[in-house]
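The block underneath contains the structure these notes are about, expressed in structure tokens.
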Amino acid sequence: MAVTAGTAPPRLVVLRALGLGDLLTAVPALRALADAFPRHVRLLAAPRSLAGLAARIGAVHGVVDTDLRRGPAPAPAVALHEGLRDAALAVNLHGRGPQSHRLLLATRPRRLVAFAHPEVEAAQAGPAWADDEHEVSRWCRLLEAHGIGTDPGRLDIAVDADPAARGATVIHPGAASPARRWPADRWSAVARSEAAAGRRVLVTGSTDEAGLARRVAAGAPLADDAVLAGRTSVLELAGVVAGAERVACADTGVAHLATAVGTPSVVLFGPTPPSRWGPPADRPWHRVLWAGSRGDPHDGRPDAGLLGITVADVVQALAHLPAPVRR
């Protein structure tokens, strides 16, 4: 994405310093900002690990390494990023405030786009936060309230499919919190069923989830080369998902990858309902499993509703998935 030479163009800074699923649910909002501010240099404050995938969105010129997944950093820490200072516009796609609002205000932007918060005077023009709202809709509504047109359906991302994953079933057993992690032995049972049906099974995950992935593979059992956890970058993981025949996972970033690249998926929800983070209702090649109950997403144990989903439920849902839709 080239920037016109000559006078330095204005800069637009977007804060979304979270994980993979958070980036992907913000894609329609990021593209709306690119349409509304085509002459701005658009910088995304997000973890460096997401930079490769962020480049494929086509809406930002660069990623400034910022990771707030373990809580808000002191305002000066964000302000020290030279690329974030003195922007013409700062957009908070990170949270409701006040901490994230203050982080952006510490970079001294000329204008702030954010949800209203009573403790932050500069955000008073923003709309009110709504707890029970789909994550994609939330950020589109924020921009719409500030006069920026959006299309929540603009979720697709083009990535290079990994040919080694062609025809495979990807099982992604991990999730950020224990409450969203279906038991490893159940994932092993799903893997056994897929293998018995003649499908190759690949188990993905982050470096921290490599042990979990190996337990799932050992319980199937699968060959050592079936475990990709800890061996792929985020962009390479996207290529695996894009090349696969189907995906089975919890409510986590890989579910949003499947949506972005058009790979059919079965997504297990609990304790958070799919109305908050689920795939679009108009894409029937994604199947949601949810027991209908809500719980504490920060609990240290698997959610009771999540445990209500059986191996048979997942196997049956996988069996009825359509062929991949390469969008």
Side-chain angles (χ1 to χ4, degrees), residues 1 14-31 34 42-70 81 93-94 135-136 139 154-166 168-177 180-181 202-214 216 225-244 246-263 265 267 277 279 286 324 326-327:
M1 193 182 299
V14 180
L15 180 64
R16 187 70 168 166
L18 295 164
L20 173 59
D22 303 283
L23 170 65
L24 294 173
T25 51
V27 165
L30 291 172
R31 287 175 169 159
R42 297 175 299 278
L43 301 175
L44 176 65
R48 179 173 45 218
S49 61
L50 300 176
L53 187 61
R56 297 302 182 99
I57 297 170
V60 298
H61 295 100
V63 169
V64 178
D65 187 22
T66 314
D67 194 339
L68 304 181
R69 283 174 289 185
R70 291 183 173 85
H81 283 299
L93 299 184
H94 185 89
E135 193 70 5
V136 173
W139 305 113
R154 296 176 69 189
L155 293 162
D156 303 294
I157 300 177
V159 299
D160 299 324
D162 185 343
R166 195 168 306 280
T169 296
V170 167
I171 291 179
H172 190 93
S177 67
R180 290 188 277 129
R181 292 180 203 146
L202 300 173
V203 188
T204 58
S206 66
T207 300
D208 292 341
E209 295 166 342
L212 170 61
R214 286 192 292 268
V216 170
D225 62 1
V227 179
L228 301 184
R231 296 167 50 196
T232 60
S233 68
V234 170
L235 185 57
E236 289 168 340
L237 174 61
V240 170
V241 172
R246 59 190 62 201
V247 171
C249 62
D251 169 22
T252 190
V254 166
H256 301 286
L257 268 183
T259 294
V261 302
T263 300
S265 65
V267 187
W277 288 88
H286 303 295
R326 305 306 183 197
R327 298 167 69 88

Is the shortest side-chain heavy-atom distance between T232 and T204 below 4.5 Å? no

Residues that R48 engages under side chain to side chain contact (heavy atoms under 4.5 Å, CB included), provided they are two or more places apart: D65

For V227 and A213 the tightest heavy-atom approach is CG1-CB, 3.8 Å

Distance col, row E236:CD vs D162:CG, nearest 0.5 angstrom, shows 8.5 Å

Test side chain to side chain contact (heavy atoms under 4.5 Å, CB included) on L23 and L30 and set out the steps. CA-CA 9 Å; L23 170 65; L30 291 172; 4.1 Å; yes

Check side chain to side chain contact (heavy atoms under 4.5 Å, CB included) between R181 and all other residues, then give those that pass, not counting sequence neighbours. A175, P178

Where is the tightest heavy-atom contact between V203 and P173, given as atom of each residue plus distance? CG1-CD, 3.8 Å

List in chain and number order the residues that pass salt bridge (Lys or Arg N to Asp or Glu O under 4.0 Å) with R56, two or more places apart in sequence or in another chain; answer none if no residue qualifies. D160

Contacts of type side chain to side chain donor-acceptor pair (under 3.5 Å), residue T252, not counting sequence neighbours: none

Identify the heavy atoms of A250 and G174 that sit nearest to each other, and give their distance. CB-O, 4.2 Å

Side-chain donor/acceptor of T259 to backbone N/O of P279, under 3.5 Å: no

With a 4.5 Å heavy-atom cut-off, do L50 and V63 have their side chains touching? no

Can you sort out the partners of H286 under side chain to side chain donor-acceptor pair (under 3.5 Å), two or more places apart, ordered by chain and number? S265

Is the closest side-chain heavy-atom distance between L257 and L53 below 4.5 Å? yes

On a heavy-atom basis, the closest approach of V136 and P28 is CG1-CG, 3.9 Å

Run the side chain to side chain contact (heavy atoms under 4.5 Å, CB included) test against H256 and tell me which residues pass, sequence neighbours left out. L24, T25, W277

Do R31 and I57 come within less than 4.5 Å of each other through their side chains, counting heavy atoms only? yes

Under the salt bridge (Lys or Arg N to Asp or Glu O under 4.0 Å) rule, collect the residues that match up with R154, sequence neighbours excluded. D35

Sequence-distant partners of A161, side chain to side chain contact (heavy atoms under 4.5 Å, CB included), two or more places apart: A242

V14 vs R42 side-chain heavy atoms within contact, under 4.5 Å: no

Looking only at heavy atoms, which two atoms of D225 and L202 are closest? And how far apart? O-CD2, 4.5 Å

Hey, does the side chain of R16 reach the backbone of D22 with a donor-acceptor pair shorter than 3.5 angstrom? yes

Distance in Å, L44 CG paired with L93 CG, rounded so as to fall on 0.5 Å steps: 8.5 Å

Any chance you could measure L15, atom CG, to L68, atom CG, to the nearest 0.5 Å? 6.0 Å

